[in-house]
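Have a look at the structure below, then the notes.
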Number of protein chains: 2
Amino acid sequence: MELKQNIKIAVDAIVFGYADNKLNVLLIKQKFGELKNQWALVGGFVKDNETLIDAVNRELQEETGIKVNYLEQLFTFGDNVNRDPRFRVVSVAYFALVNSTKLVLQADSDAEDAKWFSINELPKLAFDHKEILKTAQRRLQSKLSYQPIGFDLLPKEFLFSELENLYCTILERKIDRRNFRKKILSFGIVEETEKFGNKIKGRPAKLYRFNKQKYNKLVKDGFLFEINFA
Amino acid sequence: MELKQNIKIAVDAIVFGYADNKLNVLLIKQKFGELKNQWALVGGFVKDNETLIDAVNRELQEETGIKVNYLEQLFTFGDNVNRDPRFRVVSVAYFALVNSTKLVLQADSDAEDAKWFSINELPKLAFDHKEILKTAQRRLQSKLSYQPIGFDLLPKEFLFSELENLYCTILERKIDRRNFRKKILSFGIVEETEKFGNKIKGRPAKLYRFNKQKYNKLVKDGFLFEINFA
DNA sequence: GCAAAAGTGTTAGACCTACACCCATGG
DNA sequence: CCATGGGTGTAGGTCTAACACTTTTGC
C-alpha cells in the first residue's frame, strides 16, 4: 500500500490564566509567514519523533517560557481543509491552565510577542483560532462543574472570595456565597491555612489551600466533585 | 519555513451496537499488510482533500456498509511514536453508535471480513486498538449518564425493559426498575406508542419512542438530561 | 463610626432511594 | 393455573435553595 498523503500535523495550546477577576488567554504575535503580526494561539508543527504532548510542551517553552499546571487534549481540528492558507493542516488542540497571570512571559525565538488577553477583549485571531478558543472556553466552563480544575488557575494559597469569583467569572453567573462555601468545604479537600491575605479593605481573609492528595484519595473511593448552583 | 514532516494521519471508528442484552463492537479483519488477518477497528488514512469526518464515513462505508446514528470525535492517539510498525501514524478516533446489531454487514473491498464482537469477548487487536477501545467504552459509560445517547443504540421503537437493560449492561450495575422508569418518563422525552412488542412470555409490553425534537427544544431552555442511580 | 469585605445557620421544599405486590398474557 | 415479565406508589431521608445579619479591619 503506497501512501501519498500531504497533510501536516500541528499542535495548538489554549492557555487560560486568571487574574484580577478576569479570565485571560495567552496569545502570541507571529514572527514569520503570511500571517506575520497576527495574533494566534501558541502552537506549531509536530516533529517526526516527538509525541503530541512533547510538541505542545516544547512550543509552550519556546514561545512563552511558561509552565502550565494542567494540560489535556481538547479536540482535533481538521475538517476545514483550507484552515491554513499554506497547506492542509490538522491541528490537535490542547487545553492548559496556569496559576496567576502575573508570571513573566518571555517572547522567545518563534514569537515576536506573547501577551495575555482578557477573553472578552480578544484581537483578531489567525486561522480558525477563534473557533478553537470558543471550544476551549466551553470545555473550561463544563469541567469547572465536575472537576477541581479551578484550583489550577489560582495560586497555591488563595482567598475563598477569589475561588468564588473565579466560578462566577468563568460560568458567567451569580453564585450564593454561603452555599458555595458550604459545598466546597463539605468535600474536605480545601483546607484553611494560618495565614491571611493582604487585602486593603474590609475584614482580613484567611488563605486556603487545595489538598490534591486528599482529593485523589477520595476519588479512588468513588468521590465525585460537583458544583451545581441555580 | 520549510517543513519536512513525515507523519501520516488516519481515522479510526469505534462502532458500538447493542443486541441481545450485549454491548458489541464492530471489527474488521485486515486484508493487506503485515497485519493481515488481525482484527482491527474500522479505519484508514485521510485523503488530502477530505475532512476527517468524511474520511470516517467513507471508511465505514467502504469497510462495512454501515450507517451510524451517532458520531463524535473521541480522542487523537499520537503519543506512541511506534504505534504502527510501518511508519508514524497519528490517529483521530471517532466514537459511533448504531441501532440494532442485526443490520447487514457487507465486507467490502478493504476488509476481508467485518464482524460484531461482544465487548467481553474481544479477539487480539492490531496496533493500539485495545487502548482506543477502552477509552471509547469509558466515554460511552460516562456519556450515557448525561446525554440521551442510549436511544441511538436502540431501534426507533423499543421496550422500556430494553432501555433499562441497556443501561445496566453498559454501566455494569443494577438499576431500580421503578425509579429508572419514573426518572426517564419525568423528562417527557420518551413517549408511549399504541403498539406492543412481540414478546413470547409474560404480559405484553408497550413500545416507546424517543422524541428528539422535544429533547432539543427542552435543551434550549436549559434542560439537563441526567441519570444517576446508586 | 463608617465603609468594605469576611464569615456564618436555618428552614422549606425538591429530589432520591428503597422497597413489594398485582396485572396481563401464553402455554 | 402457573410461569413470566410488565406495570405501578409511598414514605423517610438527604440534599438544595433561598435568604440577612454580625464581625473585623482601615480610614
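Within every chain, numbering begins at 1; the chains are lettered A, B, ... in the order of the sequence lines, protein sequences first and strands thereafter. Basis for what follows: all heavy atoms, side chains included, without hydrogens, waters or symmetry-related copies.
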_Does atom NZ (K183(B)) have a neighbourhood of more than 12 heavy atoms from anything else shown, all under 6.0 Å?_
yes
*Footprint string (nucleotides 21-27 of chain C, 5' to 3'): B base within contact, S backbone only, - free, heavy atoms under 4.0 Å*: --BBBS-
_Nearest-Å distance for atom pair CZ/P, residues R181(B) and dC16(C)_ = 18 Å
_Side chain proximity check, I14(A) to L41(A), heavy atoms < 4.5 angstrom_ = yes
*asked:* For F151(A) and K212(A): C-alpha separation, side-chain torsions, deciding distance, then whether side chain to side chain contact (heavy atoms under 4.5 Å, CB included) applies.
replied: CA-CA 10 Å; F151(A) 304 110; K212(A) 197 160 195 170; over 6 Å; no
*Using whole Å, report how far CG of L185(B) lies from P of dG9(D).*
12 Å
*K143(B), NZ: over 12 other non-hydrogen atoms inside 6.0 angstrom*: yes
*Using atom CD of E164(A) as one end and atom P of dT8(C) as the other, report the distance to the nearest whole Å.*
13 Å
*Check whether any side-chain heavy atom of Y167(A) sits under 4.5 Å from a side-chain heavy atom of I227(A), and report yes or no.*
yes
*Within residues 187-195 of chain B, find the residues that approach DNA chain D with a heavy atom at under 4.0 Å, and present them sorted by residue number.*
none
*Just how far, in rounded Å, is P of dA5(C) from CZ of R178(A)?*
18 Å
*Take atom CG of N228(A) and atom P of dA18(D), then tell me their distance rounded to the nearest Å.*
13 Å
_NZ or CZ of R209(B) within 45° of F158(B) ring axis and under 6.0 Å_ = no
Heteroatom pairs (N/O) under 3.5 angstrom, protein to nucleotides 10-15 of chain D:
| residue | atom | partner | partner atom | Å |
| --- | --- | --- | --- | --- |
| dT10(D) | O4 | K182(B) | NZ | 2.8 |

*Decide side-chain hydrogen bond (donor to acceptor under 3.5 Å, both in side chains) for E72(A) and Y70(A); before the verdict, give the C-alpha distance in whole Å, the side-chain angles of both, and the deciding distance to 0.1 Å.*
CA-CA 7 Å; E72(A) 70 163 32; Y70(A) 181 88; 2.6 Å; yes
_Interatomic distance, F160(A) CZ vs dA6(C) P [rounded to whole Å]_ = 12 Å
*Main-chain N/O of A40(A) paired to H129(A) side chain as donor or acceptor, under 3.5 Å*: no
*Under 4.5 Å between any side-chain heavy atoms of V25(A) and F16(A), yes or no?*
yes
*Whole Å only: how far is the NZ atom of K206(A) from the C1' atom of dA5(C)?*
14 Å
*On DNA chain D, nearest-nucleotide positions of D176(A) versus S161(B): which is more 5'?*
S161(B)
*So, do F77(B) and F127(B) have ring centers that fall under 6.0 Å from each other?*
no
*Audit row: E59(A), N57(A), side-chain hydrogen bond (donor to acceptor under 3.5 Å, both in side chains) steps and yes/no*: CA-CA 5 Å; E59(A) 294 288 350; N57(A) 281 317; over 6 Å; no
_Euclidean distance, atom CD of residue E162(B) to atom C1' of dG6(D) [Å, nearest integer]_ = 13 Å
